[in-house]
Number of protein chains: 2
Amino acid sequence: MSLPHAILTALLEKPSSGLELTRRFDRSIGYFWSATHQQIYRELGRLESDGLIRALPTAQPVRGQKKSYEVLPAGRAELARWTSAPQDPKPVRDVLLLRLRAAAVVGTEGIEADLHRHLALHQGQLAEYLEIEKRDFGPGSNSAQDRIRHLVLRAGIDLETFWIQWLTHALDAFDDLPAPEEPDVRR
Amino acid sequence: MSLPHAILTALLEKPSSGLELTRRFDRSIGYFWSATHQQIYRELGRLESDGLIRALPTAQPVRGQKKSYEVLPAGRAELARWTSAPQDPKPVRDVLLLRLRAAAVVGTEGIEADLHRHLALHQGQLAEYLEIEKRDFGPGSNSAQDRIRHLVLRAGIDLETFWIQWLTHALDAFDDLPAPEEPDVRR
DNA sequence: AAGCCCATGTAACGGGTTACATGATTAC
DNA sequence: GTAATCATGTAACCCGTTACATGGGCTT
């Protein structure tokens, strides 16, 4: 149950319409919590009928007409409650690691190319994060808000750095692997 | 669609019953792909009716009777195909980062305790991984299988190390935060 | 008027989670 | 012989994903 709270956070930062939210979930917020527009509209409906947000009274809501939402006091309270409530970290769930484990059994044929591809993707993402850091978190501006947001961005940067290092290490190890154990055609 | 392939990998490593699989998904495989027994039974049924695995012919399958499965050639082929097929990395989805972003808006009240708790949890997980590394991957044994599995374990170790460092950094930053942005008492 | 993007949806499906059910085996 | 545990399932629900629908405004 995190999507509604992600939306509440986004709306508190800036009241928005569904499509504007979708755009923001493709950028900043989406860096650690992604969502499609279908999810967002479904959730906006629920949040509204639960009395946590309301549509800004601008024009009557016609289909195809922009409709902006803002957070109500009950919504802010719920977000504060959720934020401070303890939550266990989710166990890791990573397809690439699973594929490697499978490759240890059925052979590493073909997976190496994808490791290279992932390495490039993570390098690209890291560059994007570093660009944002340079732009948004220069030496000035030390409000609590900025420092916390910088902390979150730092997690992204360090995570990408971890993957780059690990993938580099993995590819090195692949290079001097004692030859494929392919001839395992026993069945 | 990763659970069936996780099960195929597990069954290739060692034919097992549903409950044995469940136990293994609580340990080694579960370190990067978790699954409950309900999921596993459901998926075993599908894999069998798809002709990728079969029940070992021991006793007739009575309810409450152990039933072991092994992988058929078609299953091994499907796993090899899946392993070498390119797959994009999933975008990060982390509740703690989302909560921090929310805390930047509604205040950091209460979240600090949970950061401490997470730090301890990650330290415990790291210790467990290091124990496994010492036990299973000593200086000897350099088969390709072992080296690949060690690589996967290394990812786990490095990920936990990342979280420990980041949480430590975050808690440090919290300590000299310019005080809550609600009513600042010190100035 | 045709085509394209903007904006808001609906519908169907599949995986993951939680709660519950039921038969067999073991412990006392 | 009864309680606990082992072992295999069923059922319901929610979230995330994919495909599709509808209407308005803009450009050509």
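Chain naming here is simple, since letters A, B, ... match the order of the sequence lines and numbering starts at 1 in each. Side chains included, hydrogens not; waters and symmetry mates left out as well; all remaining heavy atoms used.
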Point to revise | Distance in angstrom units between Tyr69(B) OH and dA7(D) P, rounded | key: 14 Å
Check your understanding: Name the one of Phe162(A), Trp166(A), Trp163(A) that satisfies ring pair (Phe, Tyr, Trp, His ring centres under 6.0 Å) with His122(A)?
Key -> Trp163(A)
Check your understanding: Given atom CZ of Arg46(B) and atom P of dG9(D), what is their separation to the nearest angstrom?
Key -> 14 Å
Review point. Between atom CG in Leu21(B) and atom C1' in dA7(D), what is the gap in whole Å?
Key: 13 Å
Check your understanding: What's the NZ-P distance between Lys67(B) and dA24(C), to the nearest Å?
Key -> 14 Å
**Study point:** Contact under 4.0 Å: Gln39(A) side-chain N or O vs dT17(D) OP1/OP2
**Key:** yes
Check your understanding: Does Glu112(B) offer a backbone N or O that forms a donor-acceptor pair with the side chain of Arg117(B) under 3.5 Å?
Key -> no
Exercise for review: Return the nearest nucleotide to the side chain of Leu19(B); candidates are dT8(D), dG16(D), dG16(C).
Suggested key: dT8(D)
**Study point:** Side chain proximity check, Leu44(A) to Leu21(A), heavy atoms < 4.5 angstrom
**Key:** yes
Exercise for review: Look at all strands and tell whether Arg23(B) reaches a base, only sugar-phosphate, or nothing, counting heavy atoms closer than 4.0 Å.
Suggested key: nothing
Check your understanding: Starting at CZ of Phe25(A) and ending at C1' of dG16(D), how long is that distance when rounded to a whole Å?
Key -> 13 Å
Point to revise | Toward the 5' end of DNA chain C, by each residue's nearest nucleotide, His37(B) or Arg42(B) | key: Arg42(B)
Exercise for review: Over all heavy atoms of both residues, which pair between Trp33(A) and Ala6(A) is shortest? Give the atoms and the distance, please.
Suggested key: CD1-CB, 4.2 Å
Check your understanding: Less than 4.5 Å apart, any side-chain heavy atom of Asn142(A) and any of Asp146(A)?
Key -> no
Check your understanding: Counting side-chain heavy atoms from CB outward, which of dA11(D), dT8(D), dT17(D) is closest to Lys90(B)?
Key -> dT17(D)
Check your understanding: What integer distance in Å separates Glu43(A):CD from dG9(C):C1'?
Key -> 15 Å
**Study point:** Phosphate OP1/OP2 of dT8(C) contacted by Tyr41(A) side-chain N/O (<4.0 Å)
**Key:** yes
Review point. Does dG15(C) have OP1 or OP2 sitting under 4.0 Å from an N or O in the side chain of Arg93(A)?
Key: no
**Study point:** Protein-nucleotide distance (Leu3(A), atom CG; dC14(D), atom C1'), rounded to Å
**Key:** 12 Å
Point to revise | Euclidean distance, atom CE of residue Met1(A) to atom C1' of dT18(C) [Å, nearest integer] | key: 15 Å
Check your understanding: Thr22(A) near the nucleic acid: base, sugar-phosphate alone, or nothing, with a heavy-atom cut-off under 4.0 Å?
Key -> nothing
